[in-house]
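Encoded as structure tokens, the structure appears first; notes follow it.
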Amino acid sequence: MVKFTDIKGFVFDLDGVITDTSRYHAQAWGQLADKLGVEYPGLGDAVKGISRMDALEMILKKGGLAGNYSAAEKEALAAEKNANYVQLIQNMSAKDILPGMADFLADLKAKGYGISLASASKNAPTILAKIGLSDYFTKAVDPATLQYGKPDPEIFVKAAQLLDLMPAQCIGLEDAAAGIAGINAAGETSVGIGDAELLHDAAINFTETSQVTLANIEKAMND
Ligand code: BG6
Ligand code: MG
């Protein structure tokens, strides 16, 4: 069992952890699903943490359309979703940082913990710049270099490597079930943020980002 004192670094998901962009992803995918005539109850939760192309495949499969599009047509559909998404994030600013996360990052930095980003989103650098948090995330896994998407542990293993740490020395923070599975498979301690039922595999669960503090994490690990 990992002790709090073993922890030296924190690996962050972005969408739904640092800022509430998951609703924009859900909205943009919803627009595309409607256009394709695909009904997908729970689409917003299903695409959380899932890469752009994998999310498209999930929607096509749900609508029984998996074999209907060429690779070039799928690229075009994914680009259309991204264009919708980019519109939705255009006016983001520091006001869109989720409650407590700016203070949490400042506290980690002040206390000398390593900080890295494990976001599947190719829009992550743009979003971090818009909300003014780029300086915390000089160490970020580039999702374009990944062979596998979440729930595979690859992104979380790489995020620990960027910090020169063993996975067991890292805590991973996630709002997606796929992300929690990846963190656990990487051998890191998982912190789930959101619905405890959805994130039942997380080692630690917080309902709200405002509960994410070093003191609360230490308490949870010692319980
Ligand atoms: C994840 C989101 O962070 O990034 C997913 O939770 C999204 O919903 C994925 O599909 C990829 O994002 P992007 O910006 O590269 O399309
Ligand atoms: Mg997320």
Side-chain angles (χ1 to χ4, degrees), residues 11-92 96 117-131 140-159 172 174-186 192-195 197-199 201:
V11 171
F12 284 81
D13 176 43
L14 174 72
D15 298 313
V17 168
I18 294 171
T19 181
D20 191 15
T21 30
S22 350
R23 68 198 161 109
Y24 297 139
H25 278 295
Q27 200 178 324
W29 281 124
Q31 281 171 274
L32 189 72
D34 285 349
K35 187 183 138 163
L36 297 171
V38 176
E39 272 197 50
Y40 200 141
L43 174 62
D45 280 334
V47 296
K48 277 185 190 170
I50 306 299
S51 77
R52 198 180 301 172
M53 291 313 286
D54 287 353
L56 175 65
E57 292 291 354
M58 282 169 56
I59 291 167
L60 294 177
K61 200 169 158 204
K62 186 67 145 192
L65 305 171
N68 291 19
Y69 296 92
S70 69
E73 285 167 339
K74 286 182 195 171
E75 288 293 341
L77 290 173
E80 186 178 328
K81 179 267 172 179
N82 192 53
N84 292 340
Y85 179 70
V86 167
Q87 278 293 322
L88 295 169
I89 62 172
Q90 212 165 33
N91 296 323
M92 285 182 73
D96 296 299
L117 191 73
S119 170
S121 174
K122 294 178 176 159
N123 290 292
T126 309
I127 291 170
L128 286 172
K130 280 182 184 291
I131 63 179
V141 179
D142 177 357
T145 65
L146 297 174
Q147 213 170 338
Y148 307 105
K150 299 172 188 178
D152 191 274
E154 183 182 14
I155 192 168
F156 297 103
V157 170
K158 286 192 167 163
E174 263 289 352
D175 68 316
I180 294 296
I183 294 169
N184 290 343
I193 303 168
D195 183 2
E197 224 169 286
L198 193 77
L199 305 172
D201 285 334

Would you mind listing every side-chain hydrogen bond (donor to acceptor under 3.5 Å, both in side chains) that reaches into residues 15-25, with sequence neighbours excluded?
-> Asp15-Thr21, Asp15-His25, Asp20-Arg23, His25-Lys81, His25-Tyr85
Can you sort out the partners of Lys61 under salt bridge (Lys or Arg N to Asp or Glu O under 4.0 Å), two or more places apart, ordered by chain and number?
-> none
All heavy atoms of Val141 vs all of Ile155, minimum pair found to be CG2-O, 3.6 Å
Between Lys62 and Glu39, which heavy-atom pair has the shortest distance, and what is it?
-> CG-O, 3.8 Å
Lys158: what forms a salt bridge (Lys or Arg N to Asp or Glu O under 4.0 Å) with it, not counting sequence neighbours?
-> Glu154
Leu36 and Leu65: which non-hydrogen atoms are nearest, and at how many Å?
-> O-CD1, 4.0 Å
Where Ala55 and Ile50 come nearest, the two heavy atoms and their spacing | N-CG2, 3.5 Å
Between Asn184 and Glu174, is any pair of side-chain heavy atoms under 4.5 Å apart?
-> no
Value rounded to 0.5 Å, distance of CG in Leu88 from CG in Asn123 | 11.0 Å
Check whether any side-chain heavy atom of Gln31 sits under 4.5 Å from a side-chain heavy atom of Glu80, and report yes or no.
-> no
Check the surroundings of atom CD in Glu197: do more than 12 heavy atoms from other residues, nucleotides or ligands lie under 6.0 Å from it?
-> no
Interatomic distance, Ile183 atom CD1 to Lys150 atom NZ [nearest 0.5 angstrom] | 7.5 Å
Applying salt bridge (Lys or Arg N to Asp or Glu O under 4.0 Å), name anything that partners Glu75, two or more places apart in sequence or on another chain.
-> none
Which pairs with one or both residues in residues 27-84 pass ring-ring contact (aromatic ring centres under 6.0 Å, His included), sequence neighbours excluded?
-> none
Set of side chain to side chain donor-acceptor pair (under 3.5 Å) partners for Lys122, sequence neighbours left out | none
Here the pair of heavy atoms bringing Val11 nearest to Ala159 is CG1-CB, 3.5 Å
